[in-house]
Amino acid sequence: MEISVIGAGYVGLTTAACLSEIGHHVFCADCDLEKLDSLRVGRLPFFEPHLDDLVKRGVASGRLEFTVPSDAIKKTEAIFICVGTPPLENGEADLSSIESVARMILSSAHGYRLVIEKSTVPVQTAKRLWKHLSIYNMNALTFDVVSNPEFLREGSAVEDFFHPDRVVIGAESLRAIALMKEIYRPVLQSRSTCPVHSECPAVPEPKLILTDTNSAELVKHASNSFLAMKISFINLIADACEAAGADIEKVAEGIGSDKRIGRAFLNPGIGFGGFCFPKDLQAFVRIGEKLGCDFSLLKEVEKINVRRAEQFVAKIKKELWVLRGKTLAVWGLAFKPNTDDVRFAPALSIIRRLLAEGTTIRAYDPEAMQKAEIDLPQITYCQSPYQAAEGADAILVLTEWNEFRNPNWKQLGELVARKLIIDGRNLFSADEVSPNGFQYIGVGRAVQAIRTAQEFKGIAAAGVLDVSAVSQPAPAQSHAVRTSV
Ligand code: UDX
């Protein structure tokens, strides 16, 4: 099928490249001419595993072309709207780009058009779009408006396209439903060759959910808000674990083993970030207000999330006492692994707070340093986690990149000023770290208690503790140990 995709951002470019991979002829359009030129030569504006290969393959095969919106809209019957809907001052989604695509369709298209809303939009937007197209329709255009929300995650966007849990189609006509089924047929029947796995995992075929446009639009906001709520919930429980002397990883396993709950998205940490959860949550709260629904539950989810950065800095302060003049190594800047995206990244808000306390930050991230430097030019960007650790009073783990999982502890121990890991993502555990002479502080885990004299001696020998200040190994929860500065 001939398809155009308007907007070459995360959602648009991934959708366009993947649709061309499953055999459609796709015109990916954007108003940014420079971006179009870069894309034509396979240069992507962001890092996303597998996507650059897909774009190159699509362009080489002629199935993926880059052009301006009006040109694409003229050429194809099906039009995916994948433009940005960033938050306005009041948190509502800015729909002006959606409206301008509608105006372009009205001025450039003739005959029939299937207008497919893929951007994240408030409920009832498809109805508003349909009304707008009807009112300003001067070219006797016939059209259908469909809602087809996107659920791809950054860092695994291509995999999520080929192995979605569900494809949601909100449509009001049989013609529109038939066309949408044809577009997604290879994915729905898992007949497409997935560019991610040499052998695809045995996952059930994606579910096709056919509904009306309002319901489809609500699925998106409600899904993201629910996932964000799950994260804030486990972070709340992590606080209780720290206070009560329990282990959040075990608690999460206990909770998540209940099929009604599921273990996914119960990873505690420094909070959720990225360009979706924070803004979709805010937008959904506003939608709730407009609909006269009390969404205070979601406001709490937001509050819990915002507090994570504050709490993490307090934890560092509690351990390092005076922060001014301290050097901190930061491992990870991206809002999550496998992306270079730092938008609303918890790491950046934590670093800003630590800078305000007068600390020196030495940071390393495998992909996101260039983008982070735009926001935070005043910190030191290092070429490796080891370089970042040089002279550090603590190593802060802020993004759980695989690259950090198995450090050379001996080498690390020789570089740092103090052998202390404060882990904001529970990438490690005390059992992994303390045998290497490092003190470990995770999320939702009792502060590393000195359980045995042996251990105490081990850490003392490693020069972490001032033994003269300590009589007996501290009981599990207390933090009676004083560090030698
Ligand atoms: C999210 C949704 O998952 C996706 O379906 C939607 O289409 C877009 O928004 P994304 O923002 O790419 O995707 O990232 P996701 O993997 O959901 O992570 C979001 C944030 O939550 C990250 O900061 C991540 O670190 C954090 N997170 C995730 C946790 O803190 N704990 C978890 O258990 C899971």
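We count ligands from 1, going down the list as the structure has it; atoms in each ligand are counted the same way.
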Is there a polar contact between ligand 1 and L152, counting only N or O atoms under 3.5 Å apart?
yes
Please check whether E400 reaches ligand 1 - meaning an N/O of the residue sits under 3.5 Å from an N/O of the ligand, judged on distance alone.
no
In the protein, which heavy atom is nearest to atom 24 (C) of ligand 1, and how far is it?
F335 O, 4.0 Å
Which atom names give the shortest non-hydrogen contact between P49 and N338, and what distance separates them?
CD-O, 3.6 Å
Short N/O distance, under 3.5 Å, between G273 and ligand 1?
yes
Between F284 and F295, is the ring centre distance below 6.0 Å?
yes
Heavy atoms only: which of K230, K336, R343 lies closest to atom 16 (O) of ligand 1?
K336
Can we call the ring centroids of W331 and Y364 under 6.0 Å apart?
no
Counting heavy atoms only, which part of F275 comes closer than 4.0 Å to ligand 1: side chain, backbone, both or neither?
neither
Have a look at ligand 1 and work out which part of I231, if any, has a heavy atom under 4.0 Å from it: side chain, backbone, both or neither.
side chain
Is R425 near ligand 1, meaning one of its heavy atoms is under 4.0 Å from it?
yes
Would you say the rings of H163 and F161 are close, in the sense that their centroids are separated by under 6.0 Å?
no
Atom 3 (O) of ligand 1 sits nearest the protein heavy atom R153 CG, 3.2 Å
Is the shortest side-chain heavy-atom distance between L355 and I361 below 4.5 Å?
yes
The atoms of ligand 1 lying under 4.0 Å from a heavy atom of E150, numbered in the order shown, are 7 (O)
Partner residues of E249 under the salt bridge (charged side-chain N to carboxylate O under 4.0 Å, His left out) criterion, sequence neighbours left out:
R263
Atom 31 (N) of ligand 1: closest protein heavy atom, distance to 0.1 Å, is N267 O, 2.9 Å
Which bit of K279 is near ligand 1, meaning a heavy atom under 4.0 Å away: side chain, backbone, both or neither?
neither
Counting heavy atoms only, which of F151, Y10, F277 comes nearest to atom 1 (C) of ligand 1?
F277
For E154, the ligand 1 atoms with a heavy-atom partner under 4.0 Å come out as 12 (O)
Please assess D239 against Q311 for the test side-chain hydrogen bond (donor to acceptor under 3.5 Å, both in side chains), listing each intermediate value before the final yes or no.
CA-CA 10 Å; D239 294 347; Q311 289 170 284; 2.9 Å; yes
Do L227 and ligand 1 have an N or O pair less than 3.5 Å apart?
no
On the six-membered ring of F335, is R343 placed so that its NZ or CZ lies under 6.0 angstrom from the centre and within 45° of the ring axis?
no
Kindly check if the number of other-residue, nucleotide or ligand heavy atoms within 6.0 Å of CD (E34) is above 12?
no
For ligand 1, which atoms, with element, lie under 4.0 Å from some heavy atom of F272?
20 (C), 21 (O), 23 (O), 26 (C)
Less than 6.0 angstrom from the centroid, inside 45 degrees of the normal: does K181 satisfy that with respect to the ring of Y184?
no
Do the charged groups of R57 and E21 touch, with an N to O distance under 4.0 Å?
yes
Side chain or backbone of D280 under 4.0 Å from ligand 1, or both, or neither, by non-hydrogen atoms?
neither
With atoms numbered from 1 as shown, which atoms in ligand 1 lie under 4.0 angstrom from a non-hydrogen atom of K220?
6 (C), 7 (O)
May I ask whether C276 places a heavy atom under 4.0 Å from ligand 1?
yes
Taking only Lys NZ, Arg NE, NH1 and NH2, and the carboxylate oxygens of Asp or Glu, determine whether K315 and E310 approach each other closer than 4.0 Å.
no
